[in-house]
Amino acid sequence: MENLSINDQGMLNIDIMELPINCVVVISEGKAKVRELPEHGEYKILTHQGKVRRMRREEGEEF
């Protein structure tokens, strides 16, 4: 489940049984997206003028 939809009343319905165990839901400009979080790493949400422009996943591992 990558993209979610928001209905006409502004409601977002999510079945938590379908979501990854660790995830983030980002809502911007009437759009909603869910992304699974990396086991080791960062998930950066980049904005421009108050709007989400990019979501970047950066993974790493201990040496």
Side-chain angles (χ1 to χ4, degrees):
M1 174 186 282
E2 281 193 19
N3 296 322
L4 305 174
S5 61
I6 299 174
N7 68 19
D8 296 338
Q9 291 81 33
M11 300 291 292
L12 174 65
N13 293 320
I14 301 174
D15 182 357
I16 61 171
M17 299 304 287
E18 292 183 19
L19 293 176
I21 292 174
N22 296 304
C23 65
V24 62
V25 177
V26 178
I27 302 169
S28 179
E29 298 187 290
K31 298 178 188 174
K33 293 189 178 191
V34 62
R35 294 293 186 259
E36 186 171 6
L37 297 174
E39 189 170 327
H40 300 283
E42 299 177 352
Y43 216 107
K44 294 183 180 181
I45 300 170
L46 305 173
T47 62
H48 178 70
Q49 296 180 344
K51 300 173 186 173
V52 175
R53 292 295 176 204
R54 177 172 291 236
M55 296 188 298
R56 183 179 303 152
R57 179 180 175 144
E58 296 183 15
E59 292 187 65
E61 68 179 71
E62 295 291 327
F63 184 73

Checklist entry - Is V26 isolated, or which residues cluster with it under the ILVMFWY side-chain rule of less than 4.5 Å, directly or via members? => result V24, L37, Y43, I45, V52, M55
Item to check | Partners meeting side-chain contact (heavy atoms from CB on, under 4.5 Å) with E42 (sequence neighbours left out) | outcome: K44, E58
Checklist entry - Just how far is it from atom OG of S28 to atom CZ of R53, taken to the nearest 0.5 Å? => result 7.5 Å
Item to check | Those residues that, when tested against E39, pass salt bridge (Lys or Arg N to Asp or Glu O under 4.0 Å) (two or more places apart) | outcome: none
Next on the checklist: Taking side-chain contact (heavy atoms from CB on, under 4.5 Å) as the definition, give me every residue that meets it alongside L12, ordered by chain and number, with sequence neighbours left out.
Outcome noted: L4, I6, I14, V25, I27, A32
Checklist entry - If you look only at pairs with a residue in residues 19-28, which of them pass as a salt bridge (Lys or Arg N to Asp or Glu O under 4.0 Å), with sequence neighbours excluded? => result none
Item to check | Set of residues satisfying side-chain contact (heavy atoms from CB on, under 4.5 Å) with respect to M17, sequence neighbours excluded | outcome: D15
